[in-house]
Amino acid sequence: MTDDCTFEFYTERRLIVLTGISARNLDELLAGLETVGGSSIFYHTHQQYLAHHFEKPLFYNDFALWIAEALQLDLLAERLAAIDLLSFSSIRALREEIIAKIRGFIAENPDNGRTAPPGDEFYFSRSKSFVLPTGNIARDPADFFRRLPQVTNESLFYHFFEARLRLERNTNDFSRWLADRGETELAHEIDSLDPYLRSLDELKADIIELGAKRGWH
Amino acid sequence: MALRLEDYAGVIGHAVVDEIRALAGHVRGRRFKNINSTAVGGGVAELLTRIVPLLTDLGIDATWDVIKGNQAFFEVTKAFHNALQGKPETITDAMLETYRKTTEANLRAMNLDADVIMIHDPQPAGLIQARGNDHRRWVWRCHIDISNPQPKVWDFLQPYVERYDGAVFSMPDFARQLPIPQYMVPPSIDPLSDKNRELDEEEVRCTLERFGIDPGRPILTQISRFDRFKDPLGVIAAYRIVRRRFDCQLVLAGGGATDDPEGEEVLEQVREAAAGDPDIHVLELPPFSDLAINALVRGSTIVFQKSIREGFALTVSEALWKRKPVIGGAVGGIRLQVINGVTGYLVHSPEGAAYRALELLGNPELRRTMGENGYQHVKQNFLVTRHVEDAVLLLLALDHPDEDIVRLW
């Protein structure tokens, strides 16, 4: 990503792949969750942040949204939506948590038996991601914040969401680089932002503001 | 017509244009041949007219060819088209033989030398028989909903489709179980086309007045073919409920009824239901009415797409792009475009449509917020630049069939 001093913004562009796996009820959803690849779990828990960067949908989690709308199981939908994605460092662990929540609900409600109406099935998709350097290279933190407003949402998404969870780095790329450059307090402040509670537009604005407080803009 | 991706920089930003161009650099010079059944008319031709030049601008050797066929062949493929979408059609063995023979004639006549060949829809699907042990990759791009086809047609086409290196569908709901990779590429609108570009207020006002519509009063509009699945009578019923509380006008504008007996019948029913109300404007628009449609939507307060069955319904994105809240039937692709409560409302009945229309008419700030949300939603997800990007990504995907994350450096 970078040499010792500079930060190069990378971006990720994605193609959606249909898995051919679908679900009409909780049992089939569970079967799908156990079968699909990790990139499908990541896609369905993250794609709305990129698709709806401007506004908060009712649920960011596709599984929760479907369970609420097609199966009308609001309690389970809430439980899934409330999963703290920031506390997970691997997709495997996230998958296990989602499965556990659904199994727990089924155990509490053995007669839940809801089936989605025809046309409202859940279709498991996944993203095929293409990561590439943008050529946008920041020399130092001041330069980083000068360049940040022009960075695309896809690039922000890659450095904040993909890097941390899908690539299993412990923190976002911005914080990691800033800490390496001695800006440990700023790195911590950015790392403390919860990207799952903000739209991408808001997240970018929050990061820009943190730089502006230090006179970098 | 825009020929350069940079023409869209004002819409999507230079940074996104640069990223798409950087992606395309990895497939520069790739010979990418698109084949469909008609050079003019219909959504596929309209799409290829836009994206082939843009792919060329990106350094891809993109070309577009059309298969040849006689009247009999195109009547067969029209029947296939309907049968694949679940409509009742009689499919005979003679029709299948006509398809085979026309395909063979095209196989003899066409130049199929390319790196990647994308076949659009069922009409040219049989060209896969040219596949040999060579470098060419073949992709079948299906623009229609084949989730519930008539078995005889699908049983005939399936062996062809399964020989492709991949298939592309507009929505997961439209796909079928296939042993080949399947990708989702939703349809898109061109923000710079006559149907979608900015118009000045004068032009909008003049168009409304030309049709006898008062620009000073609220306007509810549905732009669709006169087809019972678009439920124009349901829209009229909704309007009548709204009218009890709000002084407003209804515009039902569509085309294509003159060559469609069922369309003629629906149009007649609509005219009957509208009779006697000077504030219901039933407009049968001729072909090439893009500017008029653009102005009608831009002059509207709320747009309906109250379909009871639907494919993708790109008219929704066209309205959202113009910052109009959309009240849509909760069916098909409308559900991808109307985010309930965010870019509009999804409804299941004329009463539901009226209820939401009343809410919107009474709240200009809500209309403004939803309109802006709709614009952003289309900008992120349903513009032709995304479609071009998806074509580039597809070429890359064929180079990297097994990887979930492909590092391009």
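Sequence lines set the chain letters: A, B, ... in the order given, protein chains first and strands last, and positions in each chain run from 1. Because the structure is predicted, anything quoted here is derived from the model rather than measured.
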Heavy-atom cut-off 4.5 Å, strictly under: side chain, backbone, both or neither for [X] against chain A?
X	value
Arg176(B)	neither
Ala15(B)	both
Asp402(B)	backbone
Val16(B)	both
Glu389(B)	side chain
Pro401(B)	backbone
Ile405(B)	both
Leu178(B)	neither
Asp390(B)	both

Fill in: Validation row: Phe169(B), Met184(B) side chains within 4.5 angstrom (heavy atoms)
no
Worksheet entry | Contact origin within Asp120(A) toward chain B - heavy atom pairs under 4.5 Å | both
Worksheet item: Which word best sums up how the rings of Phe7(A) and Phe9(A) line up, parallel for under 30°, tilted for 30 to 60°, or perpendicular for over 60°?
Response: perpendicular
Worksheet entry | Qualifying residue for salt bridge (Lys or Arg N to Asp or Glu O under 4.0 Å) with Asp404(B), from Arg126(A), Lys128(A), Arg14(A) | Arg126(A)
Worksheet item: What distance separates Asp62(A) CG from Thr45(A) OG1, expressed to the nearest 0.5 Å?
Response: 8.0 Å
Fill in: Intermediate values then yes/no, salt bridge (Lys or Arg N to Asp or Glu O under 4.0 Å), Glu310(B) and Lys230(B)
CA-CA 8 Å; Glu310(B) 192 55 88; Lys230(B) 311 295 182 190; 2.9 Å; yes
Fill in: Greater than 12 external heavy atoms within 6.0 Å of Arg24(A)'s CZ
no
Worksheet item: Does the cation-pi check pass for Arg356(B) over Tyr345(B), that is, NZ or CZ under 6.0 Å from the six-membered ring centre and within 45° of its axis?
Response: yes
